[in-house]
Amino acid sequence: MNEEKTGSRFELGMIGLGVMGRNLLLNMADHNFPVAGYDRDVAKVQAFLKEGANHDVSGSNDLGTFIALLKKPRAVMMLVPAGSAVDSVINELLSFLEPGDLIIDAGNSDYKDTDIREKSLYAKGVWFMGMGVSGGEKGARYGPSIMPGGRPEAYGRVKPILEAASAKVNGEPCVTHIGPGSSGHFVKMVHNGIEYALMQLISESYDLMKRGLGLGNRELEQVYKDWNKEGLTGYLMEITGEIFGRKDSETQKDLIDEIKGAAAQKGTGMWTSESAMELSVPTPTIDVAVAMRNLSVLHSERSIAKSNLSRPAIPYAGEKAEFVSKLKSAMIASMLLVYSQGMALLSVASFHQGYGLDLEAIARIWRGGCIIRATILEDIRSVYRRSPSLPNLLLDPAFAKIVADHQEQLRLVSIEAIKMGIPVPALLSTLSYLDAYRSEWLPSNLIQAQRDFFGSHTYERIDRKGVFHTDWDES
Ligand SMILES: NC(=O)C1=CN([C@@H]2O[C@H](COP(=O)(O)OP(=O)(O)OC[C@H]3O[C@@H](n4cnc5c(N)ncnc54)[C@H](OP(=O)(O)O)[C@@H]3O)[C@@H](O)[C@H]2O)C=CC1
Ligand SMILES: O=C(CO)[C@H](O)[C@H](O)COP(=O)(O)O
């Protein structure tokens, strides 16, 4: 190690120099912060030092040497897989850290774990922050959206470095102190839940155009590029257009056709659905997106079911261009309804978990750097600027009007999908969410009557206050 690259003067240390850790640390170094990296794998440390050679960086694959590089009170960030790896890193760190040092878990940890870790570390005098980072490899390197939670004093210590490294939209950094405790990881989890639902919707639009209309990959590439230019501008739409244009370097075939239709997952989508259920917030599109990832991996069952359950498809008989235009409208409505579900979950969690979330600030920091960034987040930000405690975006007349203007196309596309036998559970559940949310009357009176009939669970009445029970066996 070179002399000037030693000494306890590095402002932040990163544990885990994988995809995210290496890139985020280089990003911080780009902004002239002296930073140090640690990885168990010496090759990863060397690769980081080589890439950061023109910056004030240092690193080691020895934890004690790495910790000795850091300025006191120390700030140690980790980007390692969620779960036991985080606990094992914390345990190893504890023998080197002192009261007042700060640990930041910037991975996709379960927020419930974050609450436990923060409390137990605080009792030992060590500060702990759970922080969401979104943007993938490129975002981490050139500007992610960052969602730090925990004590405001802890955030204050790393605010300059996080603001410098984050994405900027109109000069505003895509980072803000989210709130206390596990709020940063909760907000990142919901970001990912929205991400799952948007990805499922886009994949359904692909299926409708591929199997329904018979469009080829060049046509699909053009449709997604057009959608990204106007009306549906966002990162996921942008990369989808690029994906359809990519050739496999080995076979020279379209790469998309070489990829198996079985989608993996690491847990954040499922945790979003679980949390929504726990907090009684309806998020049907996110729930169905998780279910479809689960169904996608049942390939051998699906190949048996294919012959057992075959049915003739009723092909689409209309104009292809007209269908694509309706589909674009359907996508606009359904994507807005996904953001509505996710933001409604944040609104309830803010109250129940004492996070005190600023929904306008969350929409602001999601406008750049993250995977769900899209121009609509500017409108969503405006809604919360007007009405900071709105329980659901659909209650804002301007936002509701955009959905209402596109809802008929969502309905028409859904009907065609059903006729063609193409699975579009995200589109259908989104439409039903809309129809249920805008319906003052729901048939749940019958469910109450049934519950009281079989279990004496009682019911409320519309004409009187109180709880009532009927002896349903009495004639
Ligand atoms: N990839 C992405 O797009 C995003 C990922 N995330 C989250 O960031 C975190 C890191 O992901 P990513 O960078 O993609 O993962 P990688 O697999 O690329 O890197 C993980 C790093 O963690 C290290 N590590 C694993 N287990 C331990 C352990 N027990 N002790 C010490 N180090 C360990 C690995 O070291 P070694 O080489 O020695 O195994 C490796 O350097 C995860 O929580 C992920 O969910 C968040 C946003 C986006
Ligand atoms: O956090 C991310 C993006 O925002 C990560 O890429 C995460 O891994 C995505 O979730 P999954 O792997 O379950 O699809």
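Whatever order the structure lists them in is the order used to number ligands and atoms, beginning at 1. Residues: numbered from 1 along the sequence shown.
For atom 13 (O) of ligand 2, the closest non-hydrogen atom of the protein is Tyr196 OH, 2.5 Å. With hydrogens left out, the protein atom closest to atom 39 (O) of ligand 1 is Arg40 NH2, 2.9 Å, a heavy atom. For atom 7 (C) of ligand 2, the closest non-hydrogen atom on the protein side is Asn108 ND2, 3.8 Å. Here the protein heavy atom with the shortest distance to atom 18 (O) of ligand 1 is Val19 N, 2.9 Å. For atom 9 (C) of ligand 2, the closest heavy atom belonging to the protein is Glu195 OE2, 3.5 Å. The nearest heavy-atom contact from the protein to atom 21 (C) of ligand 1 is Leu79 O, 3.7 Å. Among all protein heavy atoms, the one lying closest to atom 19 (O) of ligand 1 is Gly18 CA, 3.4 Å. The protein heavy atom nearest to atom 12 (O) of ligand 2 is Lys266 CG, 3.6 Å. Ranking the protein heavy atoms by distance from atom 35 (O) of ligand 1 puts Asp39 OD1, 3.4 Å first. From the protein, the heavy atom lying nearest to atom 3 (O) of ligand 1 is Gly136 CA, 3.4 Å. Counting protein heavy atoms only, atom 37 (O) of ligand 1 is closest to Lys44 NZ, 2.4 Å. Looking only at protein heavy atoms, the nearest one to atom 14 (O) of ligand 2 is Arg293 NH1, 2.7 Å. Nearest non-hydrogen protein atom to atom 13 (O) of ligand 1 is Met20 N, 2.9 Å.
Separation of atoms CZ (Arg157) and CG (Leu162) is listed at 12.0 Å; rounding is to 0.5 Å. Within the model, atoms CE of Met199 and OG1 of Thr240 stand 8.0 Å from one another, a figure rounded to the nearest 0.5 Å. Put simply, OH on Tyr433 and CG on Asp287 are 11.0 Å apart, with the number rounded to the nearest 0.5 Å. To the nearest 0.5 angstrom, Asp113 atom CG is 5.0 Å from Asp110 atom CG. A distance of 9.5 Å separates OH in Tyr111 from OG1 in Thr272, rounded to the nearest 0.5 Å.
Arg367 places a side-chain N or O within donor-acceptor distance of the main-chain N or O of Arg364, the cut-off being under 3.5 Å. Judged purely by atom type and a 3.5 angstrom limit, Gln252 has no side-chain atom pairing as donor or acceptor with the backbone of Lys247. With hydrogens and angles ignored, the 3.5 Å screen pairs a side-chain donor or acceptor of His177 with a backbone N or O of Gly179. With Ser8 contributing its side chain and Ala68 its backbone, the two residues share a donor-acceptor pair below 3.5 Å. At least one donor-acceptor pair closer than 3.5 Å links the side chain of Arg302 to the backbone N or O of Ser296. One N or O on the side chain of Asp358 and one on the backbone of Ala361 form a donor-acceptor pair closer than 3.5 Å.
Within ligand 1, counting atoms from 1 as listed, the ones closer than 4.0 Å to a heavy atom of Val89 are 30 (N), 31 (C). Short contacts between ligand 1 and Ser88, defined as distances under 4.0 Å to a heavy atom of the residue, involve ligand atoms 29 (N). Atom numbering of ligand 2 starts at 1 in the shown order; those under 4.0 Å from a heavy atom of Ile371 are 3 (C), 4 (O). Those atoms of ligand 1 that come under 4.0 Å of a heavy atom in Gly107, given as number and element, are 8 (O), 9 (C), 43 (O). Close approach of ligand 2 to Lys188 is summarised as follows: ligand atoms under 4.0 Å from at least one heavy atom of the residue are 1 (O), 2 (C), 4 (O). Close contacts between ligand 1 and Leu17 involve ligand atoms 41 (O) [criterion: under 4.0 Å to a heavy atom]. Less than 4.0 angstrom separates some heavy atom of Gln265 from each of these atoms of ligand 2: 13 (O).
With a 4.0 Å cut-off on non-hydrogen atoms, Val80 touches ligand 1 through its backbone as well as its side chain. Both the backbone and the side chain of Asn108 come within contact range of ligand 1, each with a heavy atom under 4.0 Å. For Val133, every heavy-atom contact with ligand 1 shorter than 4.0 Å involves the backbone, none the side chain.
Using a 4.5 Å heavy-atom cutoff, the side chains of Met77 and Leu25 are not in contact.
Looking at Glu378 and Arg373, no side-chain N of the basic residue comes within less than 4.0 Å of a carboxylate O on the acidic one, giving no salt bridge.
A cation-pi arrangement is absent between Arg74 and Phe96 under the rule of less than 6.0 angstrom and at most 45 degrees off the ring axis.
Ligand 2 has Ser134 within reach: a non-hydrogen atom of the residue lies less than 4.0 Å from it. Contact analysis puts Lys188 in contact with ligand 1, with a non-hydrogen atom separation below 4.0 angstrom. Remark: distances from the non-hydrogen atoms of Ala82 to ligand 1 include one below 4.0 Å.
Aromatic ring orientation, Trp366 versus His191: perpendicular (interplanar angle above 60°, classes split at 30° and 60°). Relative orientation of the Tyr224 and Phe244 rings is parallel, given thresholds of 30° and 60° on the angle between their planes.
For the residues Pro81, Gly132, Gly135, Gly16, the heavy atom positioned nearest atom 20 (C) of ligand 1 is part of Pro81.
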